[in-house]
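Remarks on the structure that follows.
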Protein chains: 2
Amino acid sequence: MRPTVHDIAASAGVSLATVDRVLNARPGVRAVTRAKVEAAIERLGYVRDVAAANLAKGRIYPLVFIIPEGENPFMRGLEAEVRQAMDRVTFDRTSISVVNVPPFDAHALAAAIDAAVAGEVAGIAAVAVDAPEVVDAIDRAHAEGVAFVTLVSDLASSRRDHFCGVDNVAAGRTAGSLMARFLGDREGPVAVLAGSMRVRDHSERLSGFSAVMAEAGCGRHVLDVLEGQDDPVRARALVARCLAEFPGLAGIYSLGAGNAGLVAALEAAGRPGLCVIAHELTPPTRAGLESGIVDAVLHQDAGHEVRSAIRVLRAKADGMKPVAAQERIRIDIFIKENLPPPDPETGTALAGEG
Amino acid sequence: MRPTVHDIAASAGVSLATVDRVLNARPGVRAVTRAKVEAAIERLGYVRDVAAANLAKGRIYPLVFIIPEGENPFMRGLEAEVRQAMDRVTFDRTSISVVNVPPFDAHALAAAIDAAVAGEVAGIAAVAVDAPEVVDAIDRAHAEGVAFVTLVSDLASSRRDHFCGVDNVAAGRTAGSLMARFLGDREGPVAVLAGSMRVRDHSERLSGFSAVMAEAGCGRHVLDVLEGQDDPVRARALVARCLAEFPGLAGIYSLGAGNAGLVAALEAAGRPGLCVIAHELTPPTRAGLESGIVDAVLHQDAGHEVRSAIRVLRAKADGMKPVAAQERIRIDIFIKENLPPPDPETGTALAGEG
DNA sequence: CACTTTTTGATTTACGTACATCAAAAAAGC
DNA sequence: GCTTTTTTGATGTACGTAAATCAAAAAGTG
């Protein structure tokens, strides 16, 4: 049986009250007595029953997730993961709420952050937009002692406590490496389809990709970036035009959203042999992989990101620093053969770790 | 604030004792009264505080993990993950112990299972060995009402409740697909290095790999399997001999352990351009990826498997069925560019989800 | 020594749930 | 109407910890 506070009190030859004072860093304990208690804790291998402690404290951790609204399938999957996590975290006295804001709207995001801070939350997770007013809002939250993590898209210039997302330069490098190996010594330039170069993660991915392409030896030519604003309709038009213009095109790297349009354009054009790599395993990219139009999909596991964000926010709210190395988000590579079965619960098209 | 039993008692207009009888399915409640209480539960959205419930029950869940001993780095990483999980699960009254048995020893494994059952555990997780006496031991555990999951290596013919591991046929197919794409139209046969074809997961991987190789159109030739018994020394000798014998060799698929030997043989031979795909991200395969000797590593996340096993065993011990879709283990693909930083804590060379 | 201050002990209440006991009320049977 | 059975209420204890109170003991001060 696990030792309790009573056991360490008996073992240390002190009262329960003294043990409590030591455990909760309350004043009024001599150094020698404190040492006796700590020795007993060590000796018996006592670990606090956090469930009982939280029960006694009556403490709850209200967290807010601020997520862009709109039809971006990755964001919808992210939100689904948050809602799934809500049930799972009730047991350790964490209550999560979701706030939706218009995508890419710095003003709305800043307002949502301020509202959450005013609402006395313990922590905030938000998909950051790169703008000064957002930085200011995050810094205000920090000043109020509210834990803050950026989700998916970082804002390193702010005072956020942590970033829950992938290393996007490495993701771009991974895409480049796969593209180079898949193409082998096949000739021809490659195209890049992005949402917008003014979004941090997209530009980072491009720089990683371009770097590897340049290193690749053969010096493969990367065409000018097609900016589709993450919109399927625009993406489709851009890709269709590019395919017509460059009959010798060897590959396409889609580093943003709007992949439904990419897949549609490729289906219409019917160009086998073209190497296509996209980001985020969502219904369109999954369909592309299954049909063979898409060769590989780089993915960040939204479920991991959400759970990591919750752990970090809780740790921060308790005044502890999270184990940084443990909270790193992997870059997943999917090809047709290791495609997980779709998860009906979240719609993220992914087997979750739960 | 979350509703408590008191709230639903008041809302339903009954006493606390009656609510308790309904919640814990105790007898002596009229159908109408039960309906009233259930309506109140629904209305207020009551969810039982499992932490408080377990505290009151004083229930603990003793689980046993049976893991092969020896120097197999993947198994050592697996054990490290289990030991890491021990701390993490204390909060929900789960106590985990680890039992080591000699690898591939069906008799020892069966004995360990029987010992665990005799020790009144709530659940057992074991790396299965494919043998009738192991099946019998698992079935005895099942008969005694002890939850059982197979870990990494399955034994589908037994009455185990669940398998926590990857789809090894799909893993072999993934390896085959990557090999085919990396090789492009480069000529030459490919070699396969395995531990033993009498181990289920190895034979499954081979069948998946061979199937894709045959489908690949060009009909690439797969040489006879090299069985290295997961031993680095034997593996090194086999690979060295194969390299000498087949100067035109295009690729090597290592689907078992002993990869330290594989990497050493390749380093000694110095054969750039050879496509090498291995399994499990361990120190040797990580080193191979970093030096460029290994092109890709297929990986199963031991941390996921352990955490999944714990969830499934706990659910089973509570008489609930786990959400199967949520407990699926992914096949991770690592190349040099998406290699996570090593985790000093587990030695699994992986960023954990935690 | 008396005195103050600090440290420690003893005790109580609380958190939300489980479980047991016994009395009171309601329903059913005759 | 009565008894018998079933259902319900009231109450208490327990789990392991937090937090508060007040008294008792020990330490330090003059």
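To find a chain, count down the sequence lines: A is the first, B the second, and so on, and within it residues start at 1.
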- Message: Between P on dT17(C) and CG on Asn54(A), what's the gap in Å once rounded to a whole number?
- Response: 15 Å
- Are Tyr46(A) and Leu23(A) side-chain neighbours, meaning at least one heavy-atom pair lies under 4.5 Å? yes
- Would you confirm whether Asp154(B), through its side chain, and Phe163(B), through its main-chain N or O, come within 3.5 Å as a donor-acceptor pair? no
- Note on the structure: dist Arg307(A):CZ -> Ile310(A):CD1 (nearest 0.5 Å) comes out at 8.5 Å
- Rounded off to whole Å, could you give me the CG-to-P distance for the Asp7(B) and dG16(C) pair? 9 Å
- Message: Taking the six-membered ring for Trp, are His299(B) and His304(B) closer than 6.0 Å centroid to centroid?
- Response: no
- Over how many whole Å does the gap from Ile60(B) atom CD1 to dC15(D) atom C1' extend? 13 Å
- DNA chain D-proximal residues of residues 12-23 of chain B, any heavy atom under 4.0 Å: Gly13(B), Val14(B), Ser15(B), Ala17(B), Thr18(B), Arg21(B)
Compile the donor-acceptor pairs under 3.5 Å between side chains in residues 12-22 of chain B and protein atoms, sequence neighbours left out, one pair per line.
from	atom 1	to	atom 2	distance (Å)
Ser15(B)	OG	Ala17(B)	N	3.3
Ser15(B)	OG	Thr18(B)	N	3.3
Ser15(B)	OG	Thr18(B)	OG1	3.4
Asp20(B)	OD1	Asn24(B)	ND2	3.0
Asp20(B)	OD1	Arg26(B)	NH2	3.3
Asp20(B)	OD2	Arg26(B)	NE	3.3
Asp20(B)	OD2	Arg26(B)	NH2	2.7

- Message: Holding to side-chain contact (heavy atoms from CB on, under 4.5 Å), I want the full list of residues that pass it with Ser157(A), two or more places apart in sequence or in another chain.
- Response: Val135(A), Leu155(A)
Check residues 136-148 of chain B and write down every donor-acceptor pair under 3.5 Å in which the side-chain atom is one partner and the other belongs to a residue at least two apart or another chain.
from	atom 1	to	atom 2	distance (Å)
Asp139(B)	OD1	Arg159(B)	N	2.9
Arg140(B)	NE	Asp114(B)	OD1	3.1
Arg140(B)	NH2	Asp114(B)	OD1	3.3
Arg140(B)	NH2	Asp114(B)	OD2	2.9
His142(B)	ND1	Arg159(B)	O	3.4

- Message: Without decimals, in angstroms, what is the distance between Arg2(A) CZ and dC15(D) P?
- Response: 15 Å
- Tell me: CG of Asn24(B) to C1' of dC19(C), nearest whole Å? 8 Å
If you restrict it to nitrogen or oxygen atoms, what contacts under 3.5 Å exist between nucleotides 13-15 of chain C and the protein, and what is each distance?
from	atom 1	to	atom 2	distance (Å)
dC15(C)	O2	Leu55(A)	O	3.4
dC15(C)	O2	Ala56(A)	N	3.1

- How close or far is atom C1' of dG9(D) from atom CZ of Arg26(B), stated in whole angstroms? 15 Å
- Just wondering, do Leu63(B) and Thr94(B) contact through their side chains at under 4.5 Å, heavy atoms? yes
- Query: Which whole-number value in Å describes the distance from Arg30(B) CZ to dA25(C) P?
  - Reply: 15 Å
- Item | Upstream residue (5' side of DNA chain D) when Gly28(B) and Ala53(A) are each assigned their closest nucleotide | Gly28(B)
- Pairs touching residues 6-19 of chain B that satisfy salt bridge (charged side-chain N to carboxylate O under 4.0 Å, His left out), sequence neighbours left out: none
